[in-house]
Each structure stands twice: as structure tokens, then as C-alpha cells.
Amino acid sequence: MSATSTDPRAAAAALLVPGTTCHGFAVERCETVPELDSDAYVLRHTASGARLLYLACDDENKAFAIGFKTPPADSTGVFHILEHSVLCGSAKFPVKEPFVDLIKSSMQTFLNAMTYPDKTIYPVATTNEQDLYNLMDVYLDAVFNPAIYTKPTIFEQEGWHYELDLPESVEIEGSDSSASLREGTLRYNGVVFNEMKGALSDPMSVLDDAVNAALYPDTAYAHESGGDPRAIPALTYEQFLDTHARHYNPSNSYITLYGDLDVDRALAFLDERYLSQPSAASRRMDAAVAAGEDPSALAPNPLGVQTPVTCEYKRVEMATTPENALVGLGLVLGSALDRKRTIAADILFEALLGSNEAPVKKTILAAGLGGNVVSYTAAESLQPYELIMLQNAQPGVARELRRVFQDACRDLCEHGVPRERLEAIISSNEYDLRQRDYGIADGVAIACDALSTWLYDDDAATLALKYGPVYEELRSELDGSYFEDLLRELVLENDHLALVELVPVDADEGSEGAEAAELTAKRDAMTDAELADVVERTAALRAAQEAEDAPEAKATLPRLRVSDIGEARPEPPLVVDTTAPIPCLRHGIPTNRLAYAMQYFDLSCVAFEDLPYVTLLCRLLKQLPTQTHTAEELDNLIAGKLGFLSFTTEVMTQPDVDGVRPYLLVSAGALSEKIDSLASLPREVWSSTLLADADADRVRDVLTQIRIGLEQGFINNGHSAALGRAMSYSSPSAVVREQLSGVDFYLFLRDLLEHFDERVNGLRTKLSELAERIFVADGCMASFTGSDEDFDTYWDAAGDLGLGAGDGAGRHALAVPAPCDRHEAFVIPSDICFAARACDPRRLGIDVTGAWAVAANALSYDYLWNEIRVKGGAYGCGFRAAGERQTAFYTYRDPAIDPSIERVERAGAWLGRFEPDEAAFEGFIVSCVSGMDAPMKPYALTKRRNTTYLARLDPHAREERRAQMLAATPGELRSLGADVTRIAAESPTCIFGGRDVIAKSNANFNVVDLLG
């Protein structure tokens, strides 16, 4: 049966009648999900037991996901390694990297895989239906029939293996070869091994793991599902295969389909191609049973419920800086299936701890126990928990934090949680839910959300998606004592909690020293034959990594052609409306009854040395009282009346290579019915915040929180910091960005905090002067996205935004210092590094056209991926040439500096020899163009269009760049090889990394101990 209607909901209704069977799937039920404008169909594949959820809706960005319940039994990271490994070739697609081939050749809008503490998910999304089937085919064959069973090198590459580094002078041939081998340094390598070294350099991740181990000691959640580098080498190849066979089977799977697609075709595809066919895992299981193994021993790992436990105190040590001291208090909330309780708890703790004006956070900060308090609700587990985390904690304050926290909550239980605050949080959440800006393709986010309940109950496939009635019920609970009763249960009467303190220790006491000692002992215990085997196996792995895929293997991959690319999605013209009181960029973009208003204030009136104060101004606005409202009242008003309000800085690189134009950007969003607040609240904040009388302790708290956030960014996203810093060696725009938000700003901030008491009065004066100078009509450009009616309502309420003309004094005060190469390596507490080489290509006289985007795709996902990720073991790497004003190489969570830099320097030579077959080259073009054509949410699209205008980019540049991509040829890419070589050779380098990693480099960096 197939429906003829083009309406996906009507087609699904005609085909998927509850109680019937379609292509082997029993249709169990249908539910309307008004929150997602969709109908949800729950099905079960009769023969295999696979579960399926289809969300029929009018979204062209279609999605597919298959997930498996994968609770770990240890911390070897087996499921994380499997997530990587199954995407390294399969029976039907016997190429080395089908995952990368899909990135290079499909129109995907999302393509990845994720390992959670109890599940592994493989989602894809695309706007092209044939592409969706191509992606499904590769992913399904990968999970059910991976090449891991015949290629142990995949496990070694993605998981872990030994390598023996020999001194350059050592020869391993000859009579003294055994002695030569013993001069080598034994080490571990592997993509997941190195990734987790980076991930567990983050103290917050280490603390979260420790809290989970204390809260759930008898369950899978006690283990690090991503893998602990100290435990990963305990995993054997046989255990790896056994784990796959027990978990990657249809009866343990959860499949999601989403969007405007032919569901009849999709179900037939799933049934005929995979669910009715034997898999590699099933064949291994059948063989085990035939060999006499107990079938019960072949079942997936259990996921049990933890009986309540109370961990009064646990100490965890970590080699990191003293500023990274943390305390965490974990509170188990109940069951994932009790959605009302989980959502209510999230609202409650956001109300108590979500801002500096939240009552409990304010109390903890006033107690002087640490620099910041954050909390989050971990809802994607069988027993959700709340983690309250004290950052920059003073020594020995763990129990005092618990006491202060509980006393503050006890007071609220007795006197009531402020209703205006709870109502504001509920309103803010409802705005986010209407906006549906997940940051990724909707169908992917929804598939992951569904599993937050579906994984634990087959009848709960849509429970997490139908939040509307829950919010209605919680609004009604504002009239009673529900929230106080819940707070009492969770904080004062909870017998399932854990208090954990993370204590920084010197690096030589940390895991790196223990690992080095362990490896030295292993090397000394190995026989000569075993050491020789390490060298031989490494050579065999390198040979496998360097081998080209056979043409017949490449031919198996499904590919789209350039002819499959449709026309570019038309955008409404950008109109500069000069009838508004302030010149306004007007965007006619559908917004689902939301409105976005922005104001760009020109910062050319600010001296370069004062730019860091602009960032402080942005962060302090909203945190201080105004002439009309206390800080607490303002906090509640913004949360209750607006979807968001932000004060940030944007730096627009100009057509002149030395041209730069920074702005202070005020952005706000609101429901259409709250346009008046969209006009009034931002204005109140920028025009009447009491900066001159700012409370010193409040200001110090905000500054400390900024410092903590920057330090976390350096550790977790060092590639971004390195890219920004490397660009500042050649680009004035990047010099300004560094002064506003990069390393230079961080150093300014740290110095300010060290001398805060003597500088606070000058700080207040400076901020007041800057606000008067910046928030004027002169040089201001507004932006509005929303309906015509909302536009008129907004300007009727906003008037001239209260902006005076300004006196013009200092309008051109900004003088940017000339950039210069500093060749810096910044030491951060980490066992890995992030490297970047970047420049403005205009400095080298290089014109970056659309063909460069195709070249960047080839370099990133062919040469660099194979050389730096596959061989080098880095978690990520790439080359960027997305615009005409930046080109950059980078590595992410990289175990070494020099090998990656050497490979970067050979990138141009590789491109000069680039000779792809026709299908592969078309794939590079398809993926480039589809990335440009991918749907964007209204707010992101608005910001992109505003940047085009303010950076004085040609408004037709995107169309021209797209046409250049489509017209690119292999010969044109080869001709870029010499310029890539120049970029790699002449672009300055910046490193963020661990001290030991930097010390092993021969590059003679200027080493800066960034965090002290």
C-alpha cells in the first residue's frame, strides 16, 4: 500500500493504520505531537524485534537514527571505540573510511555518532531523500556488518595500540637489534585513547565522572563510557568483538525516522536490506551458541536501578592548576519516566542557581566558598540527577558548601520559592521550545530526546517529546506548595546523593607520570620478540592506513551527482529600512511567531587599550541594578518577558586587509505577544544600569566567572583559542578579537582581578564613560526579524531607542597595533595539544575563491584526516578556507606537535598531485555546496546576513562562491597546491597544550604558562 498524497502526515495516516502490518513492521499506535507539529507512529519489526518511531511532519530536513542500549561494564571505553570502529568499513562498503567518504560526498546536514553513558546513537540528516537512503545504507551496514571482525587494525587504530619510539641514531637491524629496541620509549596511541586524554583534561568532566561513580556504584553509570585512558589498554580485541556481537543486533535497537519522506519506501528498505537479513553479529552469536556457550551469557549488559546510597564525602585528585579546584553535590531526582518531576526539578534548580541573582547561588557566592556556582540537570539517564558544582573552590569547603546550600533551600521551603522567578523560568523554557533551535538538525535532536525515555520503556517512545501538558500542569502548581515539597524531597530528605571534592595536585603526581612509569615497566618486562612484534605491528598498521582503497571498493559507495543538487534556496532580499528612527536591516524570514531585534553599536570610538573594558561592560550589563529595577527584578523580567537578551562584541573584517570594524551587539528575542518588552528591556539595561555605583563584590563575582569560563575554554576548545591567536599574528581584526575575548583579554582580566581592590573605583568610572560613549545613535545600525505587524509594533514602542546623537568626540579613537608573529605555545593542564597555523590570505596576495572550499574539503577529509587523525592519533584536524579573509590549518586533541606540523607542510604537495576519480571529485563538490545550502534557523540566518552587510561583503558573493564550487575542476585544485604550500610555510603557528607535549617539540616556541 502506498499513499499518493504529498502531505507526509496524510500519507502516513493512510499507510500506517494501528493494528496493521507494513513491510514486516507491526503498527502499534499513532499519537499526535502538537509540540513538534507532527504525528508519531510507533512500530515494531516482527521478525527482528527492532523498534521504530516515525515522526511525520512537513520538514524537508529529513533524519534517520539507529541507537542501541549500551550500558558499559567497565571503563575501557569499548562502546566509544565501537562507535568509531564500525564506521571504518563494512561488508557491503569495504573501504577504510566510509564515514569520511560520506562527509566528502553527501548532502548531509548532520552526520555523526555519539556515545552516551548508556546508549550509542548513529544519526544522519539531509534535505535530499535519495541521499537519506544512501546514508542509511552505509550506516546500517556499518553497525550490523562492520569490518572489525576481519580487520583487527581498526581496533588498534581507533582504540589503542603500542608504539615504540626509537632514538634517531638507533638502528634496529643487526646483531644489537634487541639492545637497540630497549632504548626505545613505549607509548600508547589510538584515536579514542587520545580523545579521552583530552576530554579528561577537563576537571568538570573528571568531577562529573566521580559523582556518577559515587551515586551509582552498582550500575553501568559508575563507569566512564567514553573510556578512561588508564583503563582503555586493558581492552582486548576479543572482548571488543564480543561486546559488538551482544549489543549491535536489531532486538537491541531503536530506529527513528523524521520529516517529509516516503515512509513506505523507508520501511521496505529497512525490512528487505537489513532487518530480515542475518548480520555479522548474529552469525557470531549463533556460532557461540553452537559451541556450547550459555545463551544468557550472550545477552546485552544489564542496565539496573541503583538503590539509594549516600556518599557523605569523596576526594578525587587531579593534576591541574589550583584554580580548577571543584566541589560537586549530586542529587538523584527519581526516574526518567517521571517527566513532570524531572522537568520541574530542572525549572526549580534553574530558578535557585541559574544566575547570580538566583537566591541560592547568591547565598553561596556571598559565603565566599569559591568563584562560581553552576548546576545542570542530567536528564538522559535511567535515574536523572542534578549536579551542583562549585568552581574555583577554596580548599576544604565541600561540607560547608553542602551546609550553606541546604540551609538556603530549607529557608525557601519554609518561606516559599519566589513565584515570579519560577514563572520567569517556565516562560523562558517555553520560548526555547517554540523556537526549536537545537543547534543541529531538528530530527537528530528529537531522536536523541526520544531515547531519553524510550530506552527505558518501550511504551515511552514519545514521552519526552510531549512536554506541553507537563508545562500546563506545572503552571497550575505555582498556586500550591508543589515546588517547595519537591525542593524538600530532593535536597533535605534525599537519601541518594554524593558530595565529591576535586583537589588539584602537582603534575608529577598525576596520571601522566603513572602512565609513563607503567609503560616503562611494560617495556622492561617484554621479551625481545615482543618488542620486535610491537615494531612490526605498528608497521603493519601504517601500511594498512596508507593503502589506497581498491577502485572496486570505492565503487560500492552510493554517491550523489552534481546534477542531484537543486537550485540555491532563495532568500528574501535584505532591506535597509531608513524610515525607522534608527537605520534598520529588515529580514522577511518566517519565525513561528517570534521576533528578533538587534542593535550594532560602532566601537571605533573606543581606544584599543580600552577594548577589554567593553567586554566587561557587556558581561556586567543585566547583572547590575538599573534606575528602575533591582538586579533580581531585572533578572526575572528578562527571563519572563524575553526569550533571551545578550550583550556581545562582533568584529567585522573589512575589504581593506588592514580594515577592521568592531561592534557591541545587543541581541534580543521575544514572543510576538511580548514585543513591547523587546523594545523596552534592552534599552533600560544599556541606558540606566547603575555602573558608577556597582557593588564591588558583585562585580568581582562576575569577573571571576568570566575568568573561569575562559580557562575552561582553553582546556576544552584549545583549537579555537589557537586559531584566534594564530590569526592575530597577521590580521588586525584578529588582534582586536584577542583584545576583546582572547588571550590578551584573559591576561588583562587576570591582572585586574589580582589588583581588584585598588582598581575597582577606576573600573566603575571607565565602564560608565564607555556606556555613555557607545550607546548613541551615531554609527548605530538596527536589525529586525519578524512579521510586518511585529515590525510596526516594535518601532511604535521603541521610538528612537532613547539614543542621543552623540557628540562625535573620539569617533575614530581606535588605532589597532600592527600584528606580528609571536610564535607562542601556551601551557594548559592537559595531556594533549591543540595546534593552529592561520593567516589572512590577502597578506600573501592569494584570492580565495569557491574552488578553495572544495580544496579545503579534500585536504581536511582526505589528506589531513589520514595523516593526522588516522596515523597520528589526533581526534580532529582540518584546513579552513570558507571565506576570502582566513585560511587555517588546525589539530584537535593531538598527542604531538612536530609530526602534525610536518604533515601540514606537505599538504600543498599532496594537493598538487591530487587526481581523484570523477565520482569522488563530484562528491567533494556536492558536500561543499550542500553545506552552503543547508537550512538555517531564523536567528542564525539573520546574523549571517547582518555580517555580510556590516563586513561590506559583496551581497552576491555567496551566489558567486557557490557557482565557483560547482565549476571547480581537479586541475584547478592542483593549481592551488603551490599557494597551500605558501600558506603552510608562511602562516604563523600557535599551540595550546600540556607542558610535556610542548617540551617534546623542536620548534623553539616562546612558551607561556598561561594559567599559572
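The chain is numbered in sequence order, starting from 1.
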Distance col, row D790:CG vs T591:OG1, nearest 0.5 angstrom, shows 7.0 Å

Hey, does the Lys NZ or Arg CZ of R339 hover above the aromatic six-ring of Y467, less than 6.0 Å from the centre and inside 45° of the axis?
-> no

Taking atom types as modelled, find out whether Y939 and S667 have a side-chain donor-acceptor pair closer than 3.5 angstrom.
-> yes

Are N301 and K69 close enough that a side-chain donor and a side-chain acceptor fall under 3.5 Å?
-> no

Would you check if L678 and L642 make a side-chain contact, meaning some heavy-atom pair closer than 4.5 Å?
-> yes

Going by atom types alone, do R421 and S355 pair a side-chain donor with an acceptor below 3.5 Å?
-> yes

Taking atom CD1 of I446 and atom CG of L465, what is their separation to the nearest 0.5 Å?
-> 7.0 Å

Has the side chain of S38 got a donor or acceptor atom that lies under 3.5 Å from a matching backbone atom of P34?
-> no

What pairs with E493 under side chain to side chain contact (heavy atoms under 4.5 Å, CB included), at least two apart in sequence or on another chain?
-> R488, E489

In terms of ring plane angle, is the pair F68 and Y248 parallel, tilted or perpendicular, where the classes change at 30° and 60°?
-> parallel

Between the side chains of D264 and H23, is a donor N or O closer than 3.5 angstrom to an acceptor N or O?
-> yes

Where is the tightest heavy-atom contact between P384 and S335, given as atom of each residue plus distance?
-> CD-C, 3.7 Å

Output for pair (Y41 OH, L16 CG), nearest 0.5 Å, gives 6.0 Å

Donor-acceptor contact below 3.5 Å, side chain T793 vs main chain E789 = yes

For atom CD of Q406, is the number of surrounding heavy atoms from other residues, nucleotides or ligands below 6.0 Å larger than 12?
-> yes

Under 3.5 Å, is there a donor-acceptor pair between the side chain of R29 and the main chain of D459?
-> yes

Let me see the working for T32 and D39 under side-chain hydrogen bond (donor to acceptor under 3.5 Å, both in side chains), right down to the final yes or no.
-> CA-CA 4 Å; T32 297; D39 296 321; 3.2 Å; yes

Point-to-point distance, once rounded to the nearest 0.5 Å, from OG of S251 to CZ of R51 = 7.0 Å

When you check the side-chain N and O atoms of T462 and E31, is any donor under 3.5 Å from an acceptor?
-> yes

Determine yes or no for a side-chain-to-main-chain donor-acceptor pair under 3.5 angstrom, with T377 supplying the side chain and A379 the backbone.
-> no

In terms of the angle between their ring planes, are F644 and Y596 parallel, tilted or perpendicular, with boundaries placed at 30° and 60°?
-> tilted

Please confirm whether the backbone N or O of G226 pairs with a side-chain atom of H80, one donor and one acceptor, at under 3.5 Å?
-> yes

Chi angles and distances behind the side-chain hydrogen bond (donor to acceptor under 3.5 Å, both in side chains) call for N61, T109 | CA-CA 8 Å; N61 202 5; T109 55; 2.6 Å; yes

Would you please test R569 and E60 for side chain to side chain contact (heavy atoms under 4.5 Å, CB included) and show each step?
-> CA-CA 12 Å; R569 180 180 287 101; E60 63 168 336; 2.6 Å; yes

For H247, does its backbone N or O pair with a side-chain atom of N252 as donor and acceptor, under 3.5 Å?
-> yes

Y385-H496 aromatic ring centre distance below 6.0 Å = no

From the list K340, R419, R341, salt bridge (charged side-chain N to carboxylate O under 4.0 Å, His left out) partner of E477 resolves to K340

Check the pair E423, N636 against side-chain hydrogen bond (donor to acceptor under 3.5 Å, both in side chains), reporting the backbone distance first and the verdict last.
-> CA-CA 9 Å; E423 191 163 6; N636 291 336; over 6 Å; no

What closest approach, in Å, do W454 and I255 show between heavy atoms, and which atom pair accounts for it?
-> CH2-O, 3.4 Å

Could you tell me whether a side-chain N or O of E386 sits under 3.5 Å from a main-chain N or O of L333, the two making a donor and an acceptor?
-> no

Whether K943 side chain and P938 backbone form a donor-acceptor pair below 3.5 Å = no

Please check if any side-chain donor atom of S225 sits under 3.5 Å from a side-chain acceptor atom of T115, or the reverse.
-> no

Locate the shortest heavy-atom distance separating L594 from S672; write the atom from each residue and the value.
-> N-OG, 3.8 Å

Other residues, nucleotides, ligands: >12 heavy atoms within 6.0 Å of K361 NZ | yes

What is the distance from atom CG of L455 to atom CD of E380, rounded to the nearest 0.5 Å?
-> 10.5 Å

With the side chain counted from C-beta on, respond yes when I66 and Y139 share a heavy-atom pair under 4.5 Å apart, and no when they do not.
-> no

Mind checking the CZ-NZ spacing from F647 to K622? Nearest 0.5 Å is all I need.
-> 7.5 Å

For D118 and Y456, what are the C-alpha separation, side-chain angles and deciding distance, and is it a side-chain hydrogen bond (donor to acceptor under 3.5 Å, both in side chains)?
-> CA-CA 10 Å; D118 57 14; Y456 315 119; 2.6 Å; yes

Ionic contact status for D131 with K62, cut-off 4.0 Å | no

